[in-house]
Every structure is written in structure tokens, then in C-alpha cells.
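Structure first, then comments.
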Number of protein chains: 2
Amino acid sequence: MGRIKRQGAGRPGGSTQNRDEILDAAERLFADAGYAATSLKDITAAAGVTQAMVNYYFGSKIKLFQQVYLRKGEALQQARLALLDELKERGGFDVSDVIRAYLVPAFQLQTTVAGRHYLRIQARMHTEPDALAYKLRQEVYDVPVRTYIAALAALLPDLEERVIFIRFTEVIGIYLYILSGAHRIEQISEARYMLPVNEDMIEEIVAFATAGLKR
Amino acid sequence: MGRIKRQGAGRPGGSTQNRDEILDAAERLFADAGYAATSLKDITAAAGVTQAMVNYYFGSKIKLFQQVYLRKGEALQQARLALLDELKERGGFDVSDVIRAYLVPAFQLQTTVAGRHYLRIQARMHTEPDALAYKLRQEVYDVPVRTYIAALAALLPDLEERVIFIRFTEVIGIYLYILSGAHRIEQISEARYMLPVNEDMIEEIVAFATAGLKR
DNA sequence: CCCTATATTAATTAAATGATCAATTAATAT
DNA sequence: ATATTAATTGATCATTTAATTAATATAGGG
């Protein structure tokens with residue numbers, strides 16, 4: 001954070017990773033404080049570059065945010081679609097498998113520091129002002145959600161698709177809340193309880209959600 | 001918004017509601033844009049008062065936010081505890097009734113404009129930086145959550161309290177997500193589906209959550 | 001009726017913010 | 001070799017921000 005790299009102006013020798021370092025620093029700081037409360041000064045200081053670099057690489061603060069969100073967001077959705085495709089190829093899967101396929105890529109992000117930062121940003125996207133979040137969110141979410149609902153509909157022919165949509169919305173609520181910060185949940189009960197980690201938590205949500213969906 | 005009330009300095013004649021009008025305007029604007037992105041200038045303009053009034057009545061921007069949150073937050077938690085007490089007095093209730101008692105006061109808020117503003121603030125509290133949100137959230141949430149978990153534990157003697165805690169956390173995730181903005185969910189599927197309103201949505205969540213809890 | 005507490009405005013302050021620009025240096029293409 | 005493009009610094013800009021203060025006017029208790 002903030003290490004000094006060079007002194008004078010001008011293009012430095014060799015190749016640099018300043019663009020990625022800005023993205024990484026922004027990801028971390030946006031995760032901690034949200035978009036509006038994070039200044040370009042904070043971000044560029046953490047990345048060890050001057051403020052002008054943000055405008056050089058990204059054009060503006062808001063465009064930087066969009067890049068941060070899309071970078072891991074698109075990968076996450078691709079992973080979800082890929083897992084569902086695998087299920088379809090293998091065949092012989094049920095509702096639990098579909099729910100699990102949706103959850104696993106998100107919980108995998110939770111195993112790295114940067115992934116956890118991204119997950120906090122993602123959770124916050126659902127409460128940020130529409131002007132900031134709506135278009136981005138839809139760009140990333142629309143296709144995967146529809147694809148998963150269609151897959152569930154095929155497995156649950158007795159249920160209207162509309163009902164599946166409603167219940168899948170509830171599943172999203174569960175996993176977003178759990179992933180938005182496990183630390184917090186322990187605080188509520190004064191650390192008397194801990195949430196299970198990863199695999200166990202995934203299976204808990206899968207079981208909970210499957211029971212709610214198939215009821 | 002921004003109507004002019006008076007011209008000169010000095011205490012105005014009669015009684016005023018400027019304090020409440022500041023709270024109302026702040027509630028609406030904090031709901032729309034979040035804490036950091038809402039300026040005191042915005043709030044005081046909307047309330048039709050000068051900026052200095054915020055510091056006069058509340059001391060600072062952050063203290064104003066806390067008052068906004070606590071005003072309806074404490075009432076909400078009181079209502080939850082009261083409904084649970086009613087159940088206990090009447091006797092003969094089950095898991096569904098407990099879940100419903102937790103949800104009903106929140107969904108009642110959704111029936112008024114100001115209530116919907118508050119619910120957006122509440123949903124955002126779960127992703128705001130800990131420095132802003134942690135203490136407030138705990139102050140309001142701690143007792144009711146524990147009380148409800150204890151009530152559920154009495155009804156589900158086969159389950160460890162720890163398990164009930166985990167599953168109740170999932171229930172909170174569901175309802176927060178649903179209430180954080182129903183409009184958004186319709187957008188995701190290009191308005192092909194609508195979420196049920198109030199009573200129906202409450203019963204949907206009650207059924208979903210009960211199935212997940214009792215499984 | 002006077003005095004003090006209360007409520008309000010207008011002006012001001014210092015700090016922070018996002019953005020822009022000219023200057024500078026290295027890499028790359030011709 | 002030379003010209004152009006890419007990457008970077010440091011300084012500066014106009015705004016916006018939250019907060020403070022002095023002045024002013026009314027309310028209400030003795």
C-alpha cells in the first residue's frame with residue numbers, strides 16, 4: 001500500500017501493472033466502504049500511483065467501478081453457466097444439484113481475499129442506487145438467472161415457472177446475505193455461534209433451498 | 001421540497017416541525033442514495049430549512065443518520081417482540097406462526113412510502129461499512145433475534161440451537177432481499193413475473209422458511 | 001415586563017473531491 | 001534516425017462538503 005515506485009515524470013522503463021493495481025486497490029476499498037465513500041485519492045494511494053492514472057486508464061471514477069464489478073462478475077456468471085452445462089451433459093441430476101451449481105462458484109470466491117472483497121461489492125450492488133447499479137447488475141445477472149429457472153422448471157413440472165421464479169429469488173436472498181459478511185452474523189449472537197465454512201454452508205443452503213423449493 | 005417558509009433570521013412565530021421534516025427528508029434521501037452519497041445540502045433543501053439546522057438539532061451528519069435509523073428501527077423490533085408475546089399468551093402456535101410474527105411488522109412498513117424508504121435503509125445497513133453500521137445494527141437486532149431463536153428452539157427440540165441460528169439467518173436473508181426492492185426483481189426477468197404483494201408474499205416466505213427449518 | 005432559553009438565518013471556513021492539463025520520458029513503428 | 005504513441009508525474013481547477021459562528025428574533029417562566 002502506497003509504496004513509492006519512481007520519482008520523475010515520463011514513461012517508466014520496462015512494463016508495469018499499474019492498471020491492474022488500480023483495479024485491485026479499488027476492489028478492496030469499494031468493498032470496505034462502498035462507492036461514494038471511497039475517494040480516488042484513497043485508491044491511487046493504495047495502488048501507489050498518482051490520481052491522474054485513474055482518468056488515464058478508466059476515464060472516470062464511475063467507469064473504474066464498472067470495470068471492477070465486471071471483471072469478476074462476468075467470470076462468476078460464466079462459471080455458473082458452465083457448471084449447469086456440465087450437469088446437463090452428465091444427466092441424472094436433480095433440484096439439489098442445480099442449486100449447488102449456482103452456489104459453488106460464489107463460495108469459491110470466498111476462499112481468496114480478493115474474492116471476498118468482490119463478494120462484498122456484489123452484495124452491496126443490490127442496495128446501491130439504481131443509477132449506479134441497475135444496468136450493470138442486469139447485464140451480469142439476467143441470462144444466468146433465466147437459464148437456471150428454466151433448468152429448475154424442467155425438473156419441477158408440477159410448478160408454474162412463475163412460482164419457481166419467486167422461490168429462486170428467495171434462494172438468491174439467502175446466499176447473498178450469508179456471503180455479504182459471515183463475520184457480522186457471528187457478532188449478532190456475540191460469537192456464540194459460527195456459521196459453517198464453505199462446503200458445509202453450501203450443503204446447508206442447498207438442503208434449505210431444496211426443501212423450500214420442492215415443498 | 002424546498003418550499004420557502006420565512007425570510008429573516010430569528011425564532012419564527014408559532015411552533016414548527018423542522019426537526020421531523022429533516023428526519024423525513026433524510027430518510028427518503030438516505031434510502032435513495034445511501035449515507036455517503038447524500039449531502040446535508042440535499043437534505044436541508046428537501047426539508048426547506050438551512051443547513052445549520054441539522055447541526056442544531058442533531059449535531060452532525062452521522063448523528064442524524066443514527067436518529068433516522070433508530071426512529072423506525074426500534075419501533076420495528078418492538079412490534080416483533082410484541083407479536084411473539086401475543087403468540088405465547090395465546091398458546092398453541094407452531095414454527096410457521098413464529099416466522100410470520102417476525103415478518104409481518106416489516107411487511108407492514110412496506111405499505112407506506114416512508115416505510116419503504118426505511119426498509120431500503122435497513123437493507124443497506126447490512127452492507128454498509130462496519131464503522132457506520134455495526135453498533136447500530138446490533139443495538140436494534142440483537143435482542144429480537146435471540147428471542148426468536150429461543151422461541152423456535154422450544155418448538156424444535158430435536159434441533160441444536162446452533163442449527164436453528166444458522167437457518168434463521170437464512171430466513172433473514174430471504175426477507176431482506178425481497179424487501180430491499182421488489183421493483184428490481186421484476187426488472188431482472190423483464191417484467192415477465194411479478195412478486196406477490198404483502199400477505200401473499202409473507203405466506204410464501206413463511207412456507208418456504210418453515211420447510212427449510214423443519215426439514 | 002424582563003430575562004433567558006430556544007429556534008432560526010446568512011455568511012463563512014477549511015478540507016476534500018473528481019477531473020484536467022502541460023510537461024516529460026520511454027517504447028514502438030516507419 | 002525520426003516521428004508517433006503510450007505511460008507517467010505534478011500541479012492546478014472549480015465544486016462540493018460538513019461544520020461553525022455571529023446575529024437575530026420569538027417563546028415562556030419569574
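All of these numbers come straight from a predicted model, not from anything done at the bench. Order of the sequence lines sets the chain letters (A, B, ...), proteins ahead of strands, with each chain counted from 1.
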Please set out all donor-acceptor pairs under 3.5 angstrom arising from side-chain atoms of residues 73-88 of chain B, sequence neighbours excluded.
unit_1: B:Q77; atom_1: OE1; unit_2: B:R80; atom_2: NH1; d: 3.4
unit_1: B:R80; atom_1: NE; unit_2: B:Y102; atom_2: O; d: 2.9
unit_1: B:R80; atom_1: NH1; unit_2: B:Y102; atom_2: OH; d: 3.4
unit_1: B:R80; atom_1: NH2; unit_2: B:Y175; atom_2: OH; d: 2.7

Self-check item: Residues B:I166, B:E170; criterion side chain to side chain contact (heavy atoms under 4.5 Å, CB included); working and verdict
Solution: CA-CA 7 Å; B:I166 294 166; B:E170 297 176 80; 3.9 Å; yes

Rounding to a whole Å, what distance do you find between [X]:[atom1] and [N]:[atom2]?
{"X": "A:I22", "N": "D:dA7", "atom1": "CD1", "atom2": "P", "value": "12 Å"}
{"X": "B:E21", "N": "C:dA7", "atom1": "CD", "atom2": "C1'", "value": "14 Å"}
{"X": "A:M53", "N": "C:dC21", "atom1": "CE", "atom2": "P", "value": "17 Å"}
{"X": "A:Y56", "N": "C:dT25", "atom1": "OH", "atom2": "C1'", "value": "12 Å"}
{"X": "A:R11", "N": "C:dA27", "atom1": "CZ", "atom2": "C1'", "value": "4 Å"}
{"X": "B:R19", "N": "C:dT8", "atom1": "CZ", "atom2": "P", "value": "12 Å"}
{"X": "A:N55", "N": "C:dT17", "atom1": "CG", "atom2": "C1'", "value": "12 Å"}
{"X": "B:Q51", "N": "C:dT9", "atom1": "CD", "atom2": "P", "value": "12 Å"}

Practice problem: Tell me whether the OP1 or OP2 atom of D:dT8 has a side-chain N or O from A:T16 closer than 4.0 Å. | Solution: yes

I want to check something: taking the side chain as every heavy atom from C-beta on, are [X] and [Y] in contact at a cut-off of under 4.5 Å?
{"X": "A:T169", "Y": "B:I174", "value": "no"}
{"X": "B:V54", "Y": "B:K61", "value": "no"}
{"X": "A:Q138", "Y": "A:Y134", "value": "yes"}

Quiz prompt | Among D:dA18, C:dG18, D:dT8, the nucleotide that comes nearest once only the side chain of A:N18 is considered | solution = D:dT8

Self-check item: From C:dG18, D:dA7, C:dT8, nucleotide with atom closest to B:P12 side chain
Solution: C:dT8

Quiz prompt | Strand contacts (DNA chain D) in residues 33-43 of chain B, 4.0 angstrom heavy-atom criterion | solution = B:T38, B:S39, B:L40, B:K41

Quiz item: How many angstroms lie between atom CE of A:M53 and atom CD1 of A:I43, to the nearest 0.5 angstrom?
Solution: 14.0 Å

Quiz item: Taking for each residue the nucleotide of DNA chain C with the nearest heavy atom, is it A:G59 or B:T50 whose nucleotide lies nearer the 5' end?
Solution: B:T50

Exercise. Assess B:K63 against B:Y57: is NZ or CZ under 6.0 Å from the centre of the six-membered ring, and within 45 degrees of the ring's axis?
Key: no

Self-check item: Inter-end axis angle, the helix from C:dC1-D:dG30 to C:dT30-D:dA1, with every axis fitted to five base pairs (rounded, 10 degrees)
Solution: 10°

